[in-house]
Amino acid sequence: QVQLVESGGGLVQPGGSLRLSCAASGIIVSTNVMDWYRQAPGKQRELVATITTGGATNYADSVKGRFTISRDNAKNTVYLQKNSLKPEDTAVYYCNSKLLWNVNYWGQGTQVTVSS
């Protein structure tokens, strides 16, 4: 069964850090391009980070220099290290790949709230 389980979110102060995890089942992260998305209340879901099968990474301008996407192939898990967090980073964060969003699959996501 395909499953993406995001975790690691929570409440942090501005300037703080979090590491989000995405544990995948039914999809091999090492052979798929994996992405992190976020959706804030009242806003469209946006792509924030991508890692290719070869390990190349790309980031939205809004998070570049602050977020780092990585993967652990042995654990079949994708990570998003989030540093220097800002209130505007508050959102539900999702991982996904084209293989799954093409069939409209999304996990539960993990809530990140950046507030004093």
Side-chain angles (χ1 to χ4, degrees):
Q1 183 179 17
V2 172
Q3 189 173 31
L4 299 172
V5 181
E6 299 95 340
S7 63
L11 174 64
V12 295
Q13 294 184 340
S17 297
L18 285 173
R19 189 174 78 155
L20 308 184
S21 298
C22 173
S25 300
I27 179 172
I28 301 173
V29 302
S30 64
T31 59
N32 286 274
V33 175
M34 300 299 296
D35 306 313
W36 281 97
Y37 297 79
R38 67 185 180 188
Q39 188 167 25
K43 296 184 178 180
Q44 295 280 95
R45 183 181 291 114
E46 64 173 331
L47 177 66
V48 298
T50 295
I51 184 165
T52 72
T53 56
T57 58
N58 289 289
Y59 302 93
D61 288 343
S62 59
V63 308
K64 193 172 295 182
R66 301 187 297 118
F67 291 9
T68 303
I69 186 171
S70 63
R71 65 179 180 232
D72 185 330
N73 294 338
K75 295 181 179 180
N76 205 38
T77 298
V78 184
Y79 302 97
L80 186 67
Q81 179 68 45
K82 299 153 55 74
N83 300 326
S84 302
L85 285 164
K86 304 175 180 180
E88 51 262 46
D89 296 320
T90 296
V92 178
Y93 285 75
Y94 303 87
C95 65
N96 216 325
S97 71
K98 183 171 69 175
L99 186 70
L100 298 180
W101 63 250
N102 254 350
V103 297
N104 201 33
Y105 174 86
W106 295 91
Q108 282 192 321
T110 185
Q111 175 72 50
V112 173
T113 302
V114 184
S115 180
S116 298

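Under a 3.5 Å cut-off, the side chain of Trp106 and the backbone N or O of Leu4 do not form any donor-acceptor pair. For Thr90 (side chain) and Val114 (main-chain N/O), a donor-acceptor pair under 3.5 Å exists by modelled atom type. When atom types are taken as modelled, the side chain of Asn96 and the backbone of Tyr105 share a donor-acceptor pair closer than 3.5 angstrom. Side chain of Tyr94 to backbone of Gln39: no donor-acceptor contact under 3.5 angstrom is found. Between the Asn32 side chain and the Met34 main chain, no donor and acceptor come within less than 3.5 Å of each other. Between the Tyr59 side chain and the Ile69 main chain, a donor and an acceptor come within less than 3.5 Å of each other.
Here Thr57 contributes atom OG1 and Ile51 contributes atom CD1; the two are 6.5 Å apart, rounded to the nearest 0.5 Å. For the atom pair Ser30 OG and Asn76 CG, the distance stands at 7.0 Å (nearest 0.5 Å).
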Side-chain donor/acceptor pairs under 3.5 Å, residues 5-27, sequence neighbours excluded:
from: Glu6; atom 1: OE1; to: Gly109; atom 2: N; distance (Å): 3.0
from: Glu6; atom 1: OE2; to: Cys95; atom 2: N; distance (Å): 3.0
from: Ser17; atom 1: OG; to: Asn83; atom 2: OD1; distance (Å): 2.9

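Atom CD of Glu88 has more than 12 neighbouring heavy atoms from other residues, nucleotides or ligands inside a 6.0 Å radius.
Put simply, Leu85 and Val63 are part of the same group of oily side chains (I, L, V, M, F, W, Y) that touch within less than 4.5 Å, one to the next. Note on Val29: it does not cluster hydrophobically with Val33, by side-chain heavy-atom contacts below 4.5 Å among ILVMFWY residues. Both Leu47 and Val92 sit in one connected hydrophobic cluster of ILVMFWY residues. Membership requires side-chain heavy atoms under 4.5 Å apart, directly or through other members.
Side chains of Trp101 and Tyr37: a donor-acceptor N/O pair is present below 3.5 angstrom, by distance only.
In this structure Asp89 satisfies the side chain to side chain donor-acceptor pair (under 3.5 Å) test together with Arg38, Arg66, sequence neighbours excluded. In this view, Thr53 satisfies the side chain to side chain contact (heavy atoms under 4.5 Å, CB included) rule with no residue, not counting sequence neighbours.
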